[in-house]
Amino acid sequence: MDSSGHQLHIFVFPYMAHGHMIPTVDLAKLFALRGLKATIITTPLNAPLISKTIRRTKGLGVDIDIRTLKFPSVEAGLPEGCENVDSITSHDNGSFELIFRFNKATTMLQEPLEMLLQECQPDCLVADLLFPWATDAAAKFGIPRLVFKGTCFFSLCTLECIRLYEPQKKVSSDSEPFVLTNVPGEIKLTRKQLPDGLRQDFDTDYSKLMSEIVESELKSFGIVVNSFYEVEPAYVDYYRKVLGRRAWPIGPVSLCNRGIEDKAQRGNEASISENECLKWLDSKKPNSVIYICFGTITSGKPMVTWPVFADHFYNEKLVSEVLQIGIGVGVKEWVAVHGEHVKSEAIETAITEVMVSGQAEEMRRRARKLGEMARKAVEEGGSTYSNLNDLVEELRTPRHRP
């Protein structure tokens with residue numbers, strides 16, 4: 001609470017996909033653990049996916065809850081009950097069309113969200129980047145909107161450089177490398193690693209969405225990013241000081257989960273028990289197990305990277321070239337949904353490089369150090385801890401509602 005006794009109330013609205021919901025719910029927990037009231041906005045079929053986490057968090061005596069909005073699946077041309085992108089499992093060309101129908105359905109949530117904003121009058125709305133319309137929705141009630149990004153500042157700098165300077169247009173073919181103009185480091189990409197709308201001069205549904213996101217961000221209160229300063233200081237500084245964007249590195253948000261059970265209950269329920277998993281792991285030699293996941297630096301482990309689309313290729317550059325804690329499997333082209341075919345030999349080579357090559361131990365050392373830096377960043381006095389404090393203080397500043 002502030003000096004007037006007012007408890008700040010934060011609405012947190014994740015995109016309905018596990019890769020977005022898990023870190024956004026962690027962010028809501030962070031706010032609640034700092035004494036704020038946090039309300040997570042989701043849909044009826046997504047609420048059970050996070051209910052265990054919320055119950056455990058409430059058990060700590062913090063103020064966190066869930067409100068639901070009816071999801072217009074059928075109205076948007078989706079199967080009834082399709083309320084999460086992860087339920088779109090088809091790998092044919094129609095799956096991308098279903099994803100854009102899903103995104104259309106999310107835009108239909110603007111009116112019910114506005115009704116909830118008017119009813120509850122929160123002090124801030126933190127909404128996923130894939131809800132560009134949320135900035136205008138919050139503005140109607142004088143509520144600041146923060147954009148939550150689960151990516152890194154390196155990726156944000158890359159995207160902004162491509163948008164502002166269009167270096168991809170200065171090469172003669174899709175496979176010819178170009179240097180990212182003005183971005184720290186000699187970072188090279190090819191047009192093949194960009195979505196269609198950036199490779200060629202025409203609009204696609206994806207490029208239109210990206211344009212709406214940029215416009216929404218520029219009008220918003222700012223951006224919160226699931227990264228921490230020490231992992232990419234040059235890119236945090238470039239984004240905030242050179243590009244002049246309001247942004248707070250408040251990650252890794254997953255570290256708000258201290259116990260094994262807190263971590264295990266996020267997302268879908270595991271197919272095996274925790275004890276069974278640990279027993280199997282304990283039977284293996286040190287540094288002999290490969291963990292297949294979407295990748296995280298907080299674990300302090302080196303990575304084999306397999307980009308598909310979105311910001312994956314930029315993240316791969318950060319991991320393999322800037323931080324030097326990973327090896328790519330050799331994917332060359334951005335392909336929506338299903339990704340580029342990769343031969344088993346390429347995967348074997350990359351795994352061998354990370355696990356047993358001459359540089360494997362050095363990669364492990366660098367990754368361990370980053371893991372330690374991440375844990376220090378979220379502790380009291382650390383950079384992330386301080387950034388979150390700064391953000392909360394800014395949100396406490398009196399503002400005038402219309």
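When reading the values below, keep in mind they use all heavy atoms of this one structure, side chains included, and skip hydrogens, waters and symmetry mates.
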Inspect the surroundings of [atom1] in [X] and state if more than 12 heavy atoms from other residues, nucleotides or ligands are less than 6.0 Å away.
{"X": "Lys58", "atom1": "NZ", "result": "yes"}
{"X": "Lys188", "atom1": "NZ", "result": "no"}
{"X": "Glu111", "atom1": "CD", "result": "no"}
{"X": "Glu348", "atom1": "CD", "result": "no"}

Exercise for the section: Kindly indicate whether a cation-pi arrangement holds for Arg246 with Phe221, taking the cut-offs as under 6.0 Å to the six-membered ring centre and within 45° of the axis. Expected result: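 Here Arg246 passes the 6.0 Å and 45° test against Phe221.
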Practice task
Report yes or no: is the cationic atom of Arg67 (NZ for Lys, CZ for Arg) under 6.0 Å from the centre of the six-membered ring of Phe13, at an angle within 45° of the ring normal?
Solution key: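 No; the conditions do not both hold, so Arg67 does not lie above the ring face of Phe13.
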Exercise for the section: Report the relative orientation of the aromatic rings in Phe71 and Phe102; use parallel for angles under 30°, tilted for 30 to 60°, perpendicular for over 60°. Expected result: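 Ring orientation of Phe71 relative to Phe102: tilted.
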Note, [X] side chain near [Y] side chain (heavy atom, < 4.5 Å):
{"X": "Pro252", "Y": "Leu255", "result": "yes"}
{"X": "Cys152", "Y": "Glu232", "result": "yes"}
{"X": "Phe153", "Y": "Val231", "result": "no"}
{"X": "Phe131", "Y": "Val147", "result": "no"}
{"X": "Leu98", "Y": "Leu78", "result": "yes"}
{"X": "Met363", "Y": "Arg365", "result": "no"}
{"X": "His9", "Y": "Thr39", "result": "yes"}

Salt bridge check: are [X] and [Y] linked by an N-O gap of less than 4.0 Å?
{"X": "Arg191", "Y": "Glu333", "answer": "no"}
{"X": "Arg366", "Y": "Glu362", "answer": "yes"}
{"X": "Lys37", "Y": "Asp63", "answer": "no"}
{"X": "Glu276", "Y": "Lys279", "answer": "no"}
{"X": "Arg245", "Y": "Glu160", "answer": "yes"}
{"X": "Lys369", "Y": "Glu372", "answer": "no"}

Practice task
With side-chain contact (heavy atoms from CB on, under 4.5 Å) as the test, would you mind laying out the steps for Asp123 and Ile143 before giving the verdict?
Solution key: CA-CA 6 Å; Asp123 295 282; Ile143 297 169; over 6 Å; no
Handout entry: Full working for side-chain contact (heavy atoms from CB on, under 4.5 Å) between Leu125 and Leu113
Key = CA-CA 10 Å; Leu125 168 65; Leu113 175 65; 4.2 Å; yes
Exercise for the section: Could you walk me through whether Met21 and Tyr15 pass the side-chain contact (heavy atoms from CB on, under 4.5 Å) test, one step at a time? Expected result: CA-CA 6 Å; Met21 290 183 68; Tyr15 184 73; over 6 Å; no
Exercise for the section: Indicate the atoms forming the closest heavy-atom contact of Leu209 with Leu130, along with that distance. Expected result: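 Scanning both residues, the minimum pair turns out to be CD2-CD2, 4.0 Å.
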Handout entry: Candidate list Arg101, Lys104, Lys70, test salt bridge (charged side-chain N to carboxylate O under 4.0 Å, His left out), partner Glu75, passing option
Key =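 Single pass found, and it is Lys70.
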Practice task
Quick one: do Trp248 and Leu146 satisfy side-chain contact (heavy atoms from CB on, under 4.5 Å)? Show the steps, please.
Solution key: CA-CA 10 Å; Trp248 293 264; Leu146 283 166; 3.8 Å; yes
Side-chain H-bond candidate by donor/acceptor type, [X] with [Y], under 3.5 Å:
{"X": "Glu80", "Y": "Ser73", "value": "no"}
{"X": "Glu316", "Y": "Ser320", "value": "no"}
{"X": "Tyr385", "Y": "Asp390", "value": "no"}

Exercise for the section: Please step through side chain to side chain donor-acceptor pair (under 3.5 Å) for the pair Gln110 and Glu114, ending with a clear verdict. Expected result: CA-CA 6 Å; Gln110 180 168 351; Glu114 288 177 1; 2.9 Å; yes
Problem - Between Tyr314 and Tyr235, ring centroids under 6.0 Å - result: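 No, too far apart.
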